[in-house]
There are 2 protein chains.
Amino acid sequence: MSHLGYCRLMAVDREHVLRSAAALLTRRPTATMDEVAKAAGISRATLHRHFAGRDALVRALEALGIEECEAALDAARLAEGPAREAVGRLVREVEPAAGLLAFLYSENQLFEGDQNEGWTRIDDRVAALFRRGQATGEFRIDLTPAWLTEALYGLLASGAWAVSEGRVAAKDFTFMIVELLLGGALRHPERHSEQPREES
Amino acid sequence: MSHLGYCRLMAVDREHVLRSAAALLTRRPTATMDEVAKAAGISRATLHRHFAGRDALVRALEALGIEECEAALDAARLAEGPAREAVGRLVREVEPAAGLLAFLYSENQLFEGDQNEGWTRIDDRVAALFRRGQATGEFRIDLTPAWLTEALYGLLASGAWAVSEGRVAAKDFTFMIVELLLGGALRHPERHSEQPREES
DNA sequence: CTTGAGTGAGACATCAATGTCTCATCTGGG
DNA sequence: CCCAGATGAGACATTGATGTCTCACTCAAG
């Protein structure tokens, strides 16, 4: 088990480091490599042995986020049943990764240009869900799938931050996001005009 | 006019520097003081004469954002008419500042602890609007005003980013945010149960 | 016991951004 | 013309994070 055991132990270790880094950077996006190492319970030297530098660490976190996102997309079975229920499943599945995704979401605003293709694949799958909902008549057609996708990301990030700052209860996370995204804030089923603007 | 003129000119200049800094940092939150100076068409030395350092610059931008936010809150007359229309007015009034607010929104996630009290005042006013809407029966009561407030911020930031990256048209900004926040993505007025979760 | 891989601690060098300083230049008012 | 204030350009030291290196220690396998 010398060789195999070695690799698997490294993987576990790396996984653990990534998890603590994600947890820390979610709260303090500017945390130092020193702090990341300390949070993982290892020395900076060892951290550097696992990840060549801060870039590599963030890249690895991005890969982890993409991986968990796609796992959530798979688990949510977006193609099955009513689209609205698929949205609910998706948010529920993605909830554990919401903090990490919120970090990566704001981190992506910093990087110009080269954005990982994994995100566009995810974008496509989410947008396809909204498009399906529009095709079946469940969702309104005057809000583009691209915007609904962006809005979902924004609500996930807002929700994660609001929970981490104690402004909303963690147990309401999925409920609030899904209810707002699907149903909106209005109470009565009366739907106002689709052209609400005065001229101007 | 030596003295008065001096002050007013300085104010105009400072205003211009702040505007360009806001425009630049909105696109590239990590821009250097050098780049900020270049973007404003002045030298780094002069930039330092206006703002002691990067901290001071960000603080000034924060103050500007708060100022514009409160101006938008005033202009939207949140206490008048149906709450849903007040939300529409608010988003429309706040739209020109959305980019700056998105920058400050993510910047605030970086700073720990001491957050400017101006934001809590703004939070209170927005939350009061949602609370009023709930009291009049316009808004549902199973989404807390605090969450609706956070969600509005998140949608504003998402919208600003989506527009700046060309994913949604700038002219649809207000429409999409208001429609999603108030009406949600569902097409039909049928409202699903307020306890949509399976047990578990 | 011996060995070797992995680790922690810490000493550097590097690098980018920042803050401070000086000096030459420009400009408008006296 | 002369001058004071503001500016631009650039040199310089500082600071904080980072990347690299060495060395001693631990621990489990042989």
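The figures that follow rest on heavy atoms only: side chains count, while hydrogens, waters and symmetry mates do not.
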Donor-acceptor contact below 3.5 Å, side chain B:Thr120 vs main chain B:Asn116: no
d(NZ, B:Lys38; P, C:dA17) in whole Å: 12 Å
A:Leu57 CG - D:dA17 C1' separation (whole Å): 14 Å
A:Trp119 and A:Tyr153 aromatic centres sub-6.0 Å: no
Separation of D:dT7 C1' from B:Asp13 CG (nearest whole Å): 10 Å
Residue from B:Ile177, B:Leu182, B:Leu181, B:Leu155 passing side chain to side chain contact (heavy atoms under 4.5 Å, CB included) with B:Val91: B:Ile177
Check: B:Gly184 main-chain N/O paired with A:Arg140 side-chain donor or acceptor under 3.5 Å: yes
Spacing of A:Leu47 atom CG relative to D:dG19 atom P, expressed in whole Å: 10 Å
Length of the NE2-P vector between A:His50 and D:dG19, whole Å: 16 Å
Separation of C:dA16 C1' from B:Arg54 CZ (nearest whole Å): 13 Å
Give each protein N/O atom lying under 3.5 Å from an N/O atom of nucleotides 9-16 of chain D, with the pair distance.
none

Donor-acceptor contact present, side-chain A:Thr144 to main-chain A:Trp147, <3.5 Å: yes
Aromatic ring pairing A:Phe139/A:Phe130, orientation class (parallel under 30°, perpendicular over 60°, tilted between): tilted
A:Arg14 CZ to C:dG6 C1', straight-line distance once rounded to whole Å: 17 Å
Residue B:Met33, side-chain atoms from C-beta onward, closest of C:dT18, D:dT7, C:dT7: C:dT18
Side chain of A:His48 - closest among D:dT7, D:dG19, C:dT20: D:dG19
